[in-house]
S.K.: 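This structure is in structure tokens; I'll ask about it shortly.
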Amino acid sequence: MPTTRKKRTTGKPKRATAKKAAPAARGSTRKSAAKKPRSAGSKPRKAVKRAKSPVANVARVAKEVAEQAGRAVSEGVGALKQLGESLADRVNS
């Protein structure tokens, strides 16, 4: 059975050929070109890092601490429930 080989591609997209624009209708205005989506091979732009204010840092850390405290309280309540259940089992048996 013969095998077929696929052609290797270099990963570069083919360039489109330039086409002549149709003449504009009388009285019409020209619209700006739409922004083209990036091709799969293009690199995304790096975001510029901004200096954070001390107040923003404190607010962010305070939120994280509050979330962690809430999780700790929830786990503590669960542990107390289990302890209560095991004590009730021991007393009843």
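The figures that follow rest on heavy atoms only: side chains count, while hydrogens, waters and symmetry mates do not. FYI, the numbering just counts along the sequence from 1.
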S.K.: Considering only Ile, Leu, Val, Met, Phe, Trp and Tyr, and joining two whenever side-chain heavy atoms are under 4.5 Å apart, list the other residues clustered with Val58.
M.R.: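 So far as hydrophobic clustering goes, Val58 is joined with none.
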S.K.: Considering only residues two or more places apart or on different chains, which pairs with a residue in residues 63-72 satisfy salt bridge (Lys or Arg N to Asp or Glu O under 4.0 Å)?
M.R.: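 Those involving residues 63-72 are Arg60-Glu64.
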S.K.: Glu75: what forms a salt bridge (charged side-chain N to carboxylate O under 4.0 Å, His left out) with it, not counting sequence neighbours?
M.R.: none
S.K.: For Val61, which residues count as a side chain to side chain contact (heavy atoms under 4.5 Å, CB included) partner, sequence neighbours excluded?
M.R.: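 Counting only residues at least two positions away or on another chain, Val61 forms a side chain to side chain contact (heavy atoms under 4.5 Å, CB included) with Val65.
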S.K.: Donor-acceptor pairs under 3.5 Å, side chain of residues 86-93 to any protein atom, not counting sequence neighbours: which ones?
M.R.:
unit_1 : atom_1 : unit_2 : atom_2 : d
Ser86  : OG     : Gln82  : O      : 3.4
Ser86  : OG     : Leu83  : O      : 2.8
Asn92  : ND2    : Ala88  : O      : 3.2
Ser93  : OG     : Asp89  : O      : 3.0
Ser93  : OG     : Arg90  : O      : 3.3

